[in-house]
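One structure below.
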There are 4 protein chains.
Amino acid sequence: MASYEERTGRTREAILAAAEAEFVANGLAGATMENIAKAAGVNKALVYRHFERKELLFRQVLVQAYRRLRNLEAEFRFPDDPVAALDEMCGFTLRYYLNNPDFLTLVGIENLHRGENLKAVSREELGVATLIEIVTNLLDRGVKAGLFRAGLDPVDVWHSLSSLCWFSVAGAYTVAITFGRDIHKPEEAEARLAVIRDVMRRYVMRADI
Amino acid sequence: MASYEERTGRTREAILAAAEAEFVANGLAGATMENIAKAAGVNKALVYRHFERKELLFRQVLVQAYRRLRNLEAEFRFPDDPVAALDEMCGFTLRYYLNNPDFLTLVGIENLHRGENLKAVSREELGVATLIEIVTNLLDRGVKAGLFRAGLDPVDVWHSLSSLCWFSVAGAYTVAITFGRDIHKPEEAEARLAVIRDVMRRYVMRADI
Amino acid sequence: MASYEERTGRTREAILAAAEAEFVANGLAGATMENIAKAAGVNKALVYRHFERKELLFRQVLVQAYRRLRNLEAEFRFPDDPVAALDEMCGFTLRYYLNNPDFLTLVGIENLHRGENLKAVSREELGVATLIEIVTNLLDRGVKAGLFRAGLDPVDVWHSLSSLCWFSVAGAYTVAITFGRDIHKPEEAEARLAVIRDVMRRYVMRADI
Amino acid sequence: MASYEERTGRTREAILAAAEAEFVANGLAGATMENIAKAAGVNKALVYRHFERKELLFRQVLVQAYRRLRNLEAEFRFPDDPVAALDEMCGFTLRYYLNNPDFLTLVGIENLHRGENLKAVSREELGVATLIEIVTNLLDRGVKAGLFRAGLDPVDVWHSLSSLCWFSVAGAYTVAITFGRDIHKPEEAEARLAVIRDVMRRYVMRADI
DNA sequence: GATGAATGAGGATTCATTCAT
DNA sequence: AATGAATGAATCCTCATTCAT
């Protein structure tokens, strides 16, 4: 039996999970190693043995969060109709953000820290290439079907779509307070999704048909 | 002489300014009252005398930041042409975010904290009404001129525009790392603004003209 | 009343005294700030407020210890007879070391640390000049009286005298174990002093008289 | 094959060597088992298997250091001329201390700890008898040759000689700072040795010749 | 209003030591 | 003999907050 490795692996996972929850709840500075260790059911010193420093632990949590999303994206199957596929992409993204606010929070924290932790991670580890490929394919298919405008940049498209979904969720609290729209209510989520789809369709589709 | 009040006022301002810088640089948990006091050139105890608690100090900083933006928006004069006005609105917003990253950071922090501080502030203090009024007027003028679609919701429009600008700046660091687009470079800022204007025009304008 | 300064001064003294005892008992690494604070009857954080770091606290303790000895040396009055004065100097030094083992211990610790702390202290603060002056005077008087050899270097003389006394006390524990001579017994202290005086006399005095 | 024992023996040596360096560099409290294990290229737990506790490891390091010196002393061959032999003894001792500061440091540490570790070691293990014998022989030969005073106590002589050499090296750092004499410079080492020889000759030799 | 002194609680990190394999 | 995993207790240092002047 590879029992050393098994034990280590399980411990690592437990710590990572506990750390993610703690970082999301309290931010990087606000999170304490004590809480993380307690939640993971292990000794504080063991957390250090596995991750060396709080900062490096956060980095691993962040990488894991990115990887989870990218894995899901890679598995995702789009409908044949390019417009339906675009709609699905909007729905998938908004729903993922809504159901995984942890991801947004972690990335939000990381942006507050100017990306210092992510910088230390290789782009391969983040699996970005796959995503761009997916959007490129979608646009190509739409253009070939005579439905989408030609010449659109896939990163621009993804950036816009992501922006619309992102702020809807990540800015939810302040928006709810200032503008009275609370996306955490299901009906408002639907309404917002409809708007996002509308915006994206009009941006991507040919206006002359 | 209003010298007491003047001095007090100046001290208050100094503390608020120092606090904003500190909160932006280190987050809510990471900021220290010691640093704030030192940067403001006053005694730590005096900070407490003026703002009672760290949390309340953050709240005031946040309110001030919102007020600054809303004041600027209220003063803003749009061109007569509705399309030009929409373009200007996109430009104004993106530029404001780019030039005042503190605002984004503060609101980002507040969202990480689920809006708990902002909740305690009255909507009047935040000056939201004015903004909605501005967007409503813009849409009305566009519709009357036969350029914009009828029936658009001003909050939806503002929300979309704000999303596009927001994420472009607030997510800049992670986006730069993952997708290689760095909006802090002037030429990339211009390119992004062009995309945002394109998205917003196509969303708001009638497709049949 | 200069009550701020008075309070501060008293606190400082209490901490320094407690720190000296702790450093002597447990060494630099072995000493804990917790113990020092407790012994001084103050809060741990206050120790930091006054001395910033453990290392700097040790430095001050060391300076104080040197100063105490140098002050005593400066006050010391020697007999007129140069030989008696030399004897007295041996007695004074050995006795000081025996009665103030803390001084030896602190300097011993500092030597283990290669003098890193003392380096940061100015020579004036250490009051070295006075000591050399004293030895120079003693030698001069001896030479003039036709009792001492001419041309002796005062630093060499002090160095030798100090060595003989120093090792007798600082090496006492290992010497007691290995050679069975324990200077902490009064009669052995007397015997050792007699040897030291004999060594020093023969070194300093003219052999031809 | 004695391969087990050989391996064990080599591991033991490696640990002892690593431990000596670590204790000398950081003191008893400052040394860490982690560092020692790493430097020895073995596992921390193995260090415990071999030496049980940090304290016992230090004890063995100390014993080894004493043994090395005593072995060297036993092997040493003195010139026939008693005065030259005395000179040689001074030179040998000062040089040994200068070239093996580890020994001084270890004994210094041990004295700071009041000899608690050395007490647990038998005098035979320390090889003291040989040293006394050597000095006794030297004095006897000098007396027989009509050069040395009769009735000198060998322990007193060794104690004085050792003191002069010891403090010159063990107190080198603080002396360099306070009195500007740095024995780590070769020319100053020579000068100091000359003084020590002068002191010892005058102490031991008959004054009437 | 303004200051320097003082506190208590906590938080990151380390370390001697033990356990399981 | 040798290893990697795990622990509990410290330890240094920081910080929000209060007190006395």
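Chain A is the first sequence line, chain B the second, and so forth, proteins listed ahead of strands; every chain is numbered from 1.
Here the P atom of nucleotide dA16(F) and the CZ atom of F51(B) are 16 Å apart, to the nearest Å. We find that CD1 of I36(B) is positioned 12 Å from C1' of dC15(F), with the value rounded to whole Å. Rounded to whole Å, atom P of dG4(E) lies 8 Å from atom CZ of R49(C). Atom pair L46(A):CG and dA9(F):P shows a separation of 16 Å (rounding to whole Å applied). Protein atom CG of L56(C) is 14 Å distant from nucleotide atom P of dC12(F), rounded to whole Å. Rounded to a whole Å, the NZ atom of K38(B) is 15 Å from the C1' atom of dT3(E).
T11(C) pairs with exactly one of L16(C), L46(C), V47(C) by the side chain to side chain contact (heavy atoms under 4.5 Å, CB included) rule, that one being L46(C).
Using a distance-only test at 3.5 Å, with no hydrogens or angles considered, no donor-acceptor pair links the side chain of N117(C) to the main chain of R59(C). Side chain of K119(C) to main chain of Y173(D): no donor-acceptor pair is present (N/O by atom type, distance under 3.5 Å, no hydrogens or angles). Looking only at distances, no side-chain donor or acceptor of K44(B) sits under 3.5 Å from a matching main-chain atom of I36(B). Of the possible polar contacts, none joining the E110(C) side chain to the L62(C) backbone as a donor-acceptor pair under 3.5 Å is found. No donor-acceptor pair under 3.5 Å is formed between the side chain of N100(A) and the backbone N or O of D102(A). Under a 3.5 Å cut-off, the side chain of N35(B) and the backbone N or O of E22(B) do not form any donor-acceptor pair.
R12(B) is listed as a side-chain neighbour of F51(B), based on a closest heavy-atom distance under 4.5 Å. N26(D) places none of its side-chain heavy atoms less than 4.5 Å from the side chain of T32(D).
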Convert the base pairs of DNA chain E into dot-bracket notation, remembering that pairs crossing earlier ones are written with [ ] and that bases paired across to another strand are shown as |; include only Watson-Crick or G-U pairs under 3.5 Å. .||||||||||||||||||||
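At least one side-chain nitrogen or oxygen of T11(C) sits closer than 4.0 Å to the OP1 or OP2 atom of dA6(E).
Annotation: of the two residues near DNA chain E, H50(C) and G41(B), the 5′-most nearest-nucleotide partner is G41(B).
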Any chance you could list the contact pattern along nucleotides 11-17 of chain E? Use B for base contacts, S for sugar-phosphate-only contacts and - for none, protein heavy atoms under 4.0 Å, 5' to 3'. SSBBBSB
